[in-house]
Amino acid sequence: MLTSTKVMLQMAQEGDYAVGAFNVYNMEGVLAVVAAAEQEFAPAILQLHPASLRHGGKPLFEMCLAAARSSFIPMSVHLDHSASDEDIRLALDAGLTSIMADGSTMAYDANVAFTGGVSALVHTKDGTVEAELGRLSGTEDDLTVPENLSKFTDPDQAADFVKRTGIDALAVCIGNVHGTYRSEPSLDFSRLQAIEASVDVPLVLHGASGLSEETIGRSIAFGVRKFNVNTEVRQAYMSSLSDSLGQTPQPDLTSVMGSAIEAMTAVVALKIQLFGSTNKG
Ligand code: 13P
């Protein structure tokens with residue numbers, strides 16, 4: 001069933017677990033997330049990055065919404081990392097009510113003004129707004145932020161940001177990166193603890209591919225209620241496609257797509273288990 005992200009995160013807060021938000025690009029991705037969430041009886045979020053929005057447009061939004069509506073577990077559909085008023089309007093017009101306003105590349109006051117404006121607009125539809133404070137490094141689709149431009153979230157500024165923008169969830173930068181970690185991920189948990197103490201909204205951790213069970217557990221203990229996962233699911237998809245294409249005779253297309261769905265479903269199910277959301281649907 002199509003559910004509000006805000007409600008899902010509130011329930012996660014009460015139950016001390018986190019919800020997985022998985023980036024999807026096409027129908028195979030959507031089917032894999034739904035299959036894993038149903039198999040685990042877990043709430044889950046279908047998430048669209050602006051690059052996949054440009055690729056799939058409104059039909060992709062509509063497919064995500066239809067999949068969420070027809071599932072027997074709570075699911076929401078979320079626009080990830082949007083700095084564009086046009087994309088946000090397109091998403092809202094298509095029926096999405098969960099938006100990440102990403103003003104993290106802007107100066108602080110501009111980020112506050114942009115995010116506050118999105119917040120006011122989305123709240124007229126009783127929707128959910130996530131925003132990022134600090135700046136995450138790494139690569140996601142066509143967006144790369146070099147390490148020297150990354151910025152950790154300041155706990156005091158976070159309190160001011162949440163108050164002035166009225167957001168429903170805060171994405172934190174504590175050493176997490178988008179894409180592949182070049183060395184063992186090392187998150188700044190004392191900073192996360194200070195952020196949790198200074199704001200009263202659920203926290204979001206981007207770049208959850210490659211995090212160990214221990215790191216995920218500690219993040220949940222310090223208030224992370226939403227983990228964003230893209231790279232590991234995408235890699236499972238690509239390597240399944242490459243295996244299928246290497247076979248002789250070449251399998252038919254439905255079987256190529258079926259194997260890709262199975263490979264992605266396995267990754268998503270494992271993440272759901274690590275996030276503690278199994279049986280929370
Ligand atoms: P990864 O690609 O590192 O899993 O990060 C996904 C993400 O944060 C989407 O916003």
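In this chain, numbering begins with 1 at the start of the sequence shown. Read the numbers this way: they start at 1 and go in the same order the structure lists the ligands and their atoms.
Looking at N23 against ligand 1, only its side chain comes within 4.0 Å, counting heavy atoms.
If you look at H49 and H78, their ring centroids are not closer than 6.0 Å.
The number of heavy-atom neighbours closer than 6.0 Å to CE of M257, taken from other residues, nucleotides and ligands shown, is above 12.
In this structure, atom 9 (C) of ligand 1 lies nearest to the protein heavy atom E140 OE2, 3.0 Å.
Residue contact check: D80 has heavy atoms under 4.0 Å from atoms 9 (C), 10 (O) of ligand 1. The atoms of ligand 1 that sit less than 4.0 Å from any heavy atom of S209 are 1 (P), 3 (O), 4 (O). Interface of H81 with ligand 1, defined as ligand atoms under 4.0 Å from a residue heavy atom, comprises 10 (O). Applying the 4.0 Å criterion to heavy atoms of H206 picks out, from ligand 1, the atoms 8 (O), 10 (O). Residue-ligand proximity, G207 to ligand 1, at heavy-atom distances under 4.0 Å covers atoms 1 (P), 3 (O), 5 (O), 6 (C), 7 (C), 8 (O). Of all atoms in ligand 1, listed by their number and element, those nearer than 4.0 Å to a heavy atom of G179 are 1 (P), 2 (O), 3 (O).
Hydrophobic clustering of Ile, Leu, Val, Met, Phe, Trp and Tyr side chains at less than 4.5 Å, counting indirect connections, keeps Y25 apart from L31.
Salt bridge status for K280 with E40: absent, with no side-chain N to carboxylate O gap under 4.0 Å.
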(message) Determine whether R164 and D109 satisfy the following criterion, salt bridge (Lys or Arg N to Asp or Glu O under 4.0 Å), listing intermediate values before the conclusion.
(response) CA-CA 10 Å; R164 286 170 67 192; D109 283 335; 3.6 Å; yes

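Contact check for F72 versus E38: side-chain heavy atoms found under the 4.5 Å cut-off.
The closest non-hydrogen atom to atom 1 (P) of ligand 1, taken over T231, V233, V177, comes from T231.
In terms of heavy-atom proximity, H81 sits nearest to M100 at N-SD, 3.3 Å.
For R234, no nitrogen or oxygen atom sits less than 3.5 Å from a nitrogen or oxygen atom of ligand 1, counting backbone and side chain alike. The N/O atoms of E232, backbone and side chain alike, include none that comes under 3.5 Å of an N/O atom in ligand 1.
Taking the six-membered ring where tryptophan is involved, the planes of H178 and H206 are perpendicular, since the angle between them exceeds 60° and thus also 30°.
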